[in-house]
Each structure stands twice: as C-alpha cells, then as structure tokens.
Amino acid sequence: MTPRKLIQQVGIERSEAELLLAHLLEVDRGWLIAHADEPLDDHRVGMFLTQAEVRAKGEPLAYLLGYRDFWTLRLAVSRDVLIPRRETEHLVEWALECIDAGAQTALDLGTGSGAVALACKAERPAIRMTGVDLSQQALLCAKENSRSLALEVDWRHGNWFQAVPETRWDLVVSNPPYIAANDVHLTQGDLPAEPDTALVAGNTGLEAIEQIIEQAPQALNAAAWLLIEHGYDQAEAVTELLRSTGFQHVHTRQDLSHQARITGGQWLNSLTGN
Ligand code: GLN
C-alpha cells in the first residue's frame with residue numbers, strides 16, 4: 001500500500017489523513033507527496049489504519065497528533081487540556097495591546113496547555129507572565145510546553161486568583177470554562193473528548209466568569225485590564241457583570257466568524273483609592 005492509496009481510501013478527511021500519516025512516519029507533508037507511490041511496510045499501514053479508525057470514531061486529531069498549532073507556537077496537548085482554539089488568538093492580540101500600553105505583569109487564569117500565556121511571552125519577552133490552573137495535569141502540560149519552547153512563565157496551581165494570593169496584576173486574561181452543563185454543543189466535534197473542567201462552568205455557563213470578575217478587583221493594579229473569552233451569546237451578561245463590579249471602558253470584540261467572543265474592562269477605581 002502506498003501513501004497515495006492509503007490517504008485516498010481511508011475514511012477520514014484528506015488533510016487529516018495526511019497529517020496523521022506524516023506524523024506516524026515522522027516526515028513532513030512534502031515527503032508524503034514526493035514518496036506518494038512508494039509502498040509502505042504493513043506494520044506502518046496497520047498503525048495508520050488503527051489511528052484513522054480512532055479518529056473516525058471522534059477522537060480529536062490534536063490528541064492523536066499530540067500537538068496543536070496556536071499563534072506561532074506548536075503546543076503539546078493531552079487529554080488533560082482544552083485544545084487551543086483559533087478564536088482564542090484574539091485574546092492574545094488584545095493582551096499584546098495591553099502589554100504595549102504598559103502592562104508589565106500578566107496573569108492567565110485557567111491556562112490549560114499554557115497557550116495564551118506562552119503566546120504572550122513569545123511575542124513580548126519582557127512581560128512577567130504567570131499561568132494558573134486548577135488541574136495539576138494541565139499544569140504539567142503547560143510546563144512541558146514552557147520548557148520545550150524555552151519561554152519562562154511562572155506556573156501556579158489553584159483556583160483562579162486564590163492560586164496567587166496578595167498579588168496585583170497589570171493585566172489578567174482568561175479563557176475559562178463557559179459552556180452550560182446542558183448545552184448540546186458538548187456532544188459535538190472535539191468537545192466530548194475534552195476535559196469537562198475546561199469546558200463546563202455550571203448550569204448557566206457563566207459561573208466561572210462570575211467568580212473571576214468578583215475576585216478581580218482585589219487583584220488588579222490601577223488601570224489594569226481584565227479580558228475574558230466567552231460564549232457567542234454571553235457578551236451582554238459579561239458586560240453587565242464587569243460594569244456592575246466597577247470596570248470601565250467595557251467593550252466586546254468579535255472573532256473571525258463575527259461572534260462576540262471577548263469582553264474586557266479596565267479597573268480604574270484604585271486610582272481614586274477604592
Ligand atoms: N470555545 C470553546 C467551544 O465552544 C469552548 C472553550 C471554553 O469553554 N473556554 O468549543
């Protein structure tokens with residue numbers, strides 16, 4: 001069996017089959033094209049077909065490959081972390097703007113694979129970046145990425161701001177769990193295989209965001225920004241939570257599919273002594 005025939009015949013998307021086969025053979029896509037008609041040994045063919053079958057049954061491609069590209073980084077991912085999403089790159093973009101406006105310390109709450117923290121650190125090496133997660137397993141994954149990418153982030157274990165008590169930040173970013181427990185999306189795509197703790201916040205989906213916003217004022221320096229990724233239908237609720245807590249300049253940004261995706265606000269109250 002040759003790569004060309006294997007990829008044609010296997011019952012998964014062509015681009016995914018190419019990535020899986022290239023990964024298995026430890027070659028790049030160019031090699032597969034150049035050697036498309038050279039027979040592969042039976043053992044490797046067997047391994048590929050098994051992996052393709054697992055993929056066809058719903059295992060996320062990122063977990064089979066063991067990585068997902070995010071921003072400019074190739075991040076190791078395991079079943080202990082959310083697979084980094086394209087839309088979360090907007091959170092990185094906004095965070096970088098805050099860093100460029102003067103933030104020197106930044107905190108990533110619910111860092112998972114470390115995607116947001118590591119992307120910020122890669123782009124702006126001077127930032128003092130901390131990443132927090134409640135899952136020790138997720139932190140292992142983040143630390144592995146930190147090591148292999150040689151990006152220095154202070155990784156802390158714990159529940160939101162409680163992991164870093166008595167510290168104040170110039171910038172806090174988070175892509176927390178924000179899906180409601182009964183949301184039908186949880187049964188679709190990669191989501192059934194991803195950790196519930198990274199996806200599901202509670203019955204309304206807003207529980208984690210509420211906790212973060214409630215705890216934030218004690219942990220923010222004057223003029224600090226809090227940026228939160230949320231569900232496409234949660235912008236109004238998050239805006240209201242930020243405003244009623246005392247945040248100013250609250251506004252929402254859309255993702256590439258024009259869904260309201262990130263809402264942020266600035267904490268100016270400390271300037272007046274509150
Ligand atoms: N945006 C993800 C999804 O809907 C969920 C990520 C999250 O809960 N933080 O697939």
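Heavy atoms only: backbone and side chains are in, while hydrogens, waters and symmetry mates are out. Counting starts at 1 for both ligands and their atoms, following the listed order.
When heavy-atom distances to ligand 1 are checked against a 4.0 Å cut-off, L191 comes that close only through its side chain, counted from C-beta outward. Only side-chain heavy atoms of R85 come within less than 4.0 Å of ligand 1; its backbone N, CA, C and O stay farther off.
Here the options are H230, E229, E207, Q234, the test is side chain to side chain donor-acceptor pair (under 3.5 Å), and the partner is Y178; only E229 passes.
At a threshold of 4.0 Å, the pair R85-E194 counts as salt-bridged, since one of the basic side-chain nitrogens sits closer than that to a carboxylate oxygen.
One distance of note links CG of L171 with CG of L107; it measures 8.5 Å at 0.5 Å rounding.
Counting only heavy atoms from C-beta outward, the side chains of L24 and L20 never approach each other to under 4.5 Å. In this structure the side chain of Q9 reaches within 4.5 angstrom of the side chain of M1, judged on heavy atoms.
Under a 4.0 angstrom heavy-atom cut-off, A198 registers as being in contact with ligand 1. Between P176 and ligand 1 there is a heavy-atom distance shorter than 4.0 Å.
Side-chain contact annotation: Q211 with W160, donor-acceptor N/O pair under 3.5 Å present.
The shortest N or O to N or O distance between P177 and ligand 1 is not below 3.5 Å. For ligand 1, the polar-atom distance check finds no N/O of R261 at less than 3.5 Å from any of the ligand's N/O atoms.
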Requested in this report: Run the numbers on E97 and W225 for side chain to side chain donor-acceptor pair (under 3.5 Å), then give the verdict.
Outcome: CA-CA 11 Å; E97 289 172 31; W225 280 86; over 6 Å; no
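Protein heavy atom nearest atom 1 (N) of ligand 1, with residue, atom name and distance: Y178 OH, 2.6 Å.
In this comparison of I179, I228, L186, the heavy atom closest to atom 4 (O) of ligand 1 sits on I179.
Against a heavy-atom cut-off of under 4.0 Å, E87 is close to the following atoms of ligand 1: 1 (N).
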